[in-house]
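Worksheet: one structure, shown below.
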Amino acid sequence: MTRPAQFFTTPIYYVNAKPHLGHAYTTIAADVATRFKQMDGYDTYFLTGTDEHGDKIVQAAEKENCSPKEYVDQISRLFQDLWPVLNISNNQFIRTTNPGHIKVVEQILTRIHDSGDIYFSSYEGLYCFGCERFYQERELTDGKCPDHGTAPEVIKESNYFFRMSQYQDWLIDHIKANPDFIRPEQYKKEILSFLKEPLEDLCISRPKTRLTWGITLPFDKDYVTYVWFDALVNYISALGFPDGDLFRKFWPTTRHFVAKDIIKPHGIYWPIMLKAAGLDIYNGLNVHGFWNVRGSKMSKSIGNVTDPVEVTGEYGVDPFRYFLMREMVFGRDANFTEDQIVTRINSDLANDLGNLFSRVLTMTNRSCPEGFSNQIPALSARETEYSLKDSALQAVDEFKQAMDLCEFHNGTAAVWSFVSLMNKYIDTREPWALAKDETRRQDLELVLYNLVEGLRVVACLIYPVMPDTAKKMQAALGLNTDNNGLVPLHTIMPWGQTAFGTGFEKPAILFPRIEEKPKETQQVQAKPFKPALKDQISIEDFSKIDLRTGTILSAQKVEESSKLLKLTVDLGIEKRQIIAGIGKTYSPESLPGKQVIVVANLKEARIMGEVSQGMVLAVKDKKKLVLSGVESQTANGKPVQ
RNA sequence: GGCGACGUAGCUCAGUUGGUCAGAGCAUGCGGCUCAUAUCCGCAGAGUCCGGGGUUCAAAUCCCUGCGUCGCUACCA
């Protein structure tokens, strides 16, 4: 009998920054799903990798004084090195700079080009050669490039476009006909609502005069492909499209794990690309939410970008994986704080499971140093009264049901309900009392046997989330761990697999408690995961900025704008018109008379059709912008040092 | 401004298709046990399920509206 197949992927991560918590979560989730499916008898394949082309990479490489290839090698290495640390069991790590991948991208492009869904279209635009980019007319200042002060040239640029609109109705039908195509439900709704608007064709190329770090179009050597075909095709190139064994076996079973920010490319562009290329559509998309850190979205400027390497170093891999799976409702956003991870580790792992493991094995070791005697089955008359079997069975069922739906929080919760039940069971049966009464020797053994059996079930179920701990527990329980902790789901349940006549070692501590919580809090504040500041600049850099005092003379709303105000500012020597995005915090009437600090030598810009000759300084606090002024009234136009 | 969410006990949040849905964990208080990593077990708190309106025999759960928070985006020089 052949085993059913299951293919899981993570997105290929863009190598413009080192891995953070979000990357770790997606990858761990996919890993947990993979390990679960393996338990459930599936033949799995698990793919992750890095996305390495594009303009941003070229720029980043220039900054680092190295070639794009050297740069992407370096960052991609960080990802490749992280996964073993997090116990990720991926079968392959794909890079979009791999020759094999590039070849498949060319094939797909050729197919779709041949079938007529890629067309060439030229358009005229205003192009500034200095900036190497097109400008909209409203972006220009007096018809000139705001950066270079030169008139942009009207040039005709042509690009390749992917005709998506004709597949729109097909996609809507496909999504509706396959309820599992996009999960959870809320994201399916979101995609369908996107699809209510007509789809525009997708620009899929860049001329080599503008971008060289990419894959050359097979049908036009002067162009490289841009983002979509380059990146998404990794999912099939990794499997050896078009005729690899892996491709045939796994492709139809694909489930992609993605974060909610990239559902559009995955939920719309990708299926349409596949359809246009005449390929099977992947099976489905599992969409998860974002991790906020300490209450706000991860961002470099807030300084809360969380490094999974640091967290793992602090708390260990398994606790980290457990926390991520237990705390986030798959699909929704969740919050990550030191306090919460410490609480989870202490209460769920150390107190509930770790302590249970310890107390059961210590008692068993003491009461039955030679192991259980095999008279226990004879006690079947009392089995119902004493058994944990039904609860264990329920835990296994609920676990399986939840894990199948990627409801990892519910899966772990089901296991922990059982753990909690075992703790209650001990309280009720009072094995320490039984141990003092020789006449109740058999009752004692039965109670302990049931508990050891219960631990065995738990040790098997936690494998997808905490593979190391699963193995450790199984070893302590005298089970075979040749398969590194993986025990087939259907073999867990026959109750009574614990061997007779073999004693147990005194157990090691599974999860040490993290003590001194107040101290922890202090440490967190004293040592943020990452410094919040931008790179250092020299005094020369700073002196280039000409800051002056100025007084707002008048202010009015910019029409059709929600937060832009048009200010007239007296700089002493001259008056300036400045457009400022402070309309959410300040009303126009409240501004005249206020003295502010102005960046006086900022290039002119045109915003919403209005000229802006400078910028007023303001402090950004969440969405609020608070103007920065001077401590006491001064003359206008004075330099700020 | 547009699009999308979210607003449930002190805190963090569960509550797919409306009728034991008023819940869990943590924190707090009291009580119990002593096998165990000072762990475990039991009990308690009375929270207008953001406000208002509507649909319904019945709504935290559906519809409308108001307020608040957040994300994306547009116009953050």
Side-chain angles (χ1 to χ4, degrees), chain A residues 138-139 141 146 179 183-187 189-190 193-194 196-197 260-261 263-264 289-290 292 295-297 326-329 331-337 339-340 342-344 346-367 405 407 409-410 413 416-417 419-420 422-436 444 447-448 451 507-515 517 558 560-565 578-584 598-599 601-618 620 622-623 625:
Chain A
R138 60 178 176 80
E139 292 178 292
T141 307
R183 278 198 320 225
E185 189 76 12
Q186 60 195 110
Y187 295 108
K189 284 184 190 159
E190 203 170 321
S193 102
F194 278 138
K196 280 179 189 157
E197 301 297 322
K260 66 181 184 183
D261 56 336
I263 55 175
K264 223 168 157 177
F290 285 155
N292 294 318
S296 35
K297 187 180 158 67
R326 181 70 184 80
E327 197 74 10
M328 176 177 267
V329 177
R332 309 192 56 156
D333 292 356
N335 201 16
F336 185 96
T337 68
D339 273 359
Q340 279 169 299
V342 168
T343 298
R344 278 289 175 202
N346 279 346
S347 57
D348 293 9
L349 298 183
N351 296 349
D352 290 349
L353 176 58
N355 182 56
L356 172 70
F357 179 74
S358 171
R359 67 199 297 211
V360 168
L361 286 192
T362 303
M363 282 189 284
T364 306
N365 183 43
R366 190 173 302 150
S367 299
L405 295 170
E407 292 173 357
H409 58 298
N410 284 335
W416 259 259
S417 295
V419 166
S420 172
M422 285 165 74
N423 274 320
K424 288 193 212 338
Y425 179 89
I426 295 177
D427 210 57
T428 320
R429 305 297 168 196
E430 299 186 318
W432 53 90
L434 298 177
K436 287 173 188 155
L444 173 65
V447 166
L448 292 177
L451 287 165
I509 297 285
L510 228 41
F511 305 101
R513 264 187 80 81
I514 299 165
E515 297 298 344
K517 246 186 157 178
V558 175
E560 289 174 27
S561 147
S562 62
K563 66 177 177 189
L564 293 185
L565 297 182
I578 295 175
I579 307 299
I582 55 174
K584 284 266 163 73
V598 174
V599 182
N601 62 338
L602 196 66
K603 269 176 196 148
E604 269 192 16
R606 191 172 272 272
I607 306 156
M608 288 287 282
E610 298 281 357
V611 174
S612 182
Q613 308 161 303
M615 171 173 150
V616 294
L617 297 192
K620 185 166 188 179
K622 295 199 175 170
K623 281 207 164 164
L625 279 174

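All values reported here derive from a predicted model rather than from experimental measurement. In what follows, chains are A, B, ... by sequence order, proteins preceding strands, each numbered from 1.
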#### Entry: Side-chain N or O of A/Lys424 closer than 4.0 Å to phosphate OP1/OP2 of B/G42
yes
### Task
Would you mind reading off the distance between A/Gln340 atom CD and B/G25 atom P, rounded to a whole angstrom?
16 Å
### Summary
If pairing means Watson-Crick or G-U wobble with both distances under 3.5 Å, then the partner of B/A44 is B/U28
### Task
Output the single nucleotide from B/U34, B/C40, B/U37 whose closest atom is nearest the side chain of A/Asp352.
B/C40
### Task
Starting from P on B/C26, measure out to CZ on A/Arg513 and report it in whole angstrom.
11 Å
### Task
Would you indicate what A/Asn292 reaches in the nucleic acid, counting non-hydrogen atoms under 4.0 angstrom: base, sugar-phosphate, or nothing?
nothing
### Task
Report the residue (A/Ala350 or A/Met615) whose heavy-atom-nearest nucleotide on RNA chain B is the more 5′ of the two.
A/Ala350
#### Entry: Qualifying residue for side-chain contact (heavy atoms from CB on, under 4.5 Å) with A/Phe511, from A/Asp352, A/Leu353, A/Asn355, A/Asn346
A/Leu353
### Message
Suppose we define a pair by two distances each less than 3.5 Å, Watson-Crick or G-U wobble; what does B/U61 pair with here?
### Response
none
### Task
Quote, to the nearest angstrom, the C1' distance that separates B/A22 from B/U34.
36 Å
### Query
B/C40 C1' sits how many Å from A/Met363 CE, rounded?
10 Å
### Same-atom distance (P) from B/U17 to B/A36, integer angstrom
48 Å
### Message
Nearest heavy atom decides the nucleotide; on that basis, is A/Leu353 or A/Arg326 closer to the 5' end of RNA chain B?
### Response
A/Arg326
#### Entry: Nucleotide nearest A/Arg366 when distance is taken to its side chain, options B/C40, B/C26, B/C35
B/C35
### Message
Check this one for me: any side-chain N or O of A/Asn351 less than 4.0 Å away from OP1 or OP2 of B/C40?
### Response
yes
### Query
Would you say A/Arg359 reaches B/U39's phosphate, i.e. side-chain N/O to OP1/OP2 under 4.0 Å?
no
### Message
I need the CH2-C1' distance between A/Trp416 and B/C40, as an integer number of Å.
### Response
16 Å
### Message
Is A/Arg332 close enough to B/A14 that one of its side-chain N or O atoms is under 4.0 Å from OP1 or OP2 there?
### Response
yes
### Message
What's A/Val616 touching, base or sugar-phosphate or nothing? Going by heavy atoms closer than 4.0 Å.
### Response
nothing
#### Entry: A/Asn423 CG to B/C35 C1', straight-line distance once rounded to whole Å
11 Å
### Message
Using the C1' atom as the point on both nucleotides, what is the distance between B/A77 and B/G68, in whole Å?
### Response
31 Å
### Same-atom distance (C1') from B/U69 to B/U28, integer angstrom
28 Å
### Query
Backbone N or O of A/Lys260 within a donor-acceptor pair of the A/Tyr187 side chain at under 3.5 Å?
no
### Query
With both distances kept under 3.5 Å, what pairs with B/U39, Watson-Crick or G-U wobble?
none
### Query
B/C33 P sits how many Å from A/Asp427 CG, rounded?
10 Å
### Task
Applying salt bridge (Lys or Arg N to Asp or Glu O under 4.0 Å), name anything that partners A/Arg183, two or more places apart in sequence or on another chain.
A/Asp180
### Summary
CD1 of A/Ile426 to CH2 of A/Trp432, rounded to nearest 0.5 Å, is 7.5 Å
### Summary
Of the candidates B/C26, B/C33, B/U12, the side chain of A/Asn335 sits closest to B/U12
### Query
Mind checking the P distance from B/G52 to B/A59? Whole angstroms is fine.
14 Å
## Note on the structure
Of the candidates B/C26, B/G15, B/U37, the side chain of A/Leu510 sits closest to B/U37
### Task
For A/Phe511, answer base if it contacts any base atom (sugar-phosphate contacts may also be present), sugar-phosphate if it contacts only those atoms, and nothing otherwise; contact means non-hydrogen atoms under 4.0 Å.
base
### Task
Rounded to the nearest angstrom, tell me the gap between atom CZ in A/Arg429 and atom C1' in B/C41.
14 Å
### Task
Write down the distance separating the P atoms in B/C72 and B/C30, rounded off to the nearest Å.
46 Å
### Rounded distance in Å between the P positions of B/C11 and B/G19
28 Å
### Query
A/Gly354 and A/Leu510: which non-hydrogen atoms are nearest, and at how many Å?
CA-CB, 4.2 Å
#### Entry: Complementary nucleotide for B/C75 - Watson-Crick or wobble, under 3.5 Å
none
### Task
Please measure how far the P atom in B/U37 lies from the corresponding atom in B/G47, and state the result in whole Å.
40 Å
### Task
Look only at the side chain of A/Ser417 and the backbone of A/Ala413, and say whether a donor-acceptor pair between them is shorter than 3.5 Å.
yes
### Task
With heavy atoms under 4.0 Å as the rule, sort A/Glu327 into base, sugar-phosphate or nothing.
sugar-phosphate
### Task
Find the partner of B/U56: check Watson-Crick (N1-N3 plus N6-O4 or O6-N4) and G-U wobble (N1-O2, O6-N3) distances, both under 3.5 Å, and reply none if neither fits.
none
### Message
Tell me which nucleotide, if any, is Watson-Crick or G-U wobble paired with B/A22 when both distances must be under 3.5 Å.
### Response
none
### Message
Can you tell me the base-pairing partner of B/G4? Count Watson-Crick or G-U wobble geometry only, both distances below 3.5 Å, and say none if there is no partner.
### Response
B/C70
### Query
According to the Watson-Crick and G-U wobble definitions, with both distances under 3.5 Å, which nucleotide is paired to B/A9?
none
### Query
So what does A/Leu361 hit on the nucleic acid, given a heavy-atom distance under 4.0 Å: a base, only sugar-phosphate, or nothing?
nothing
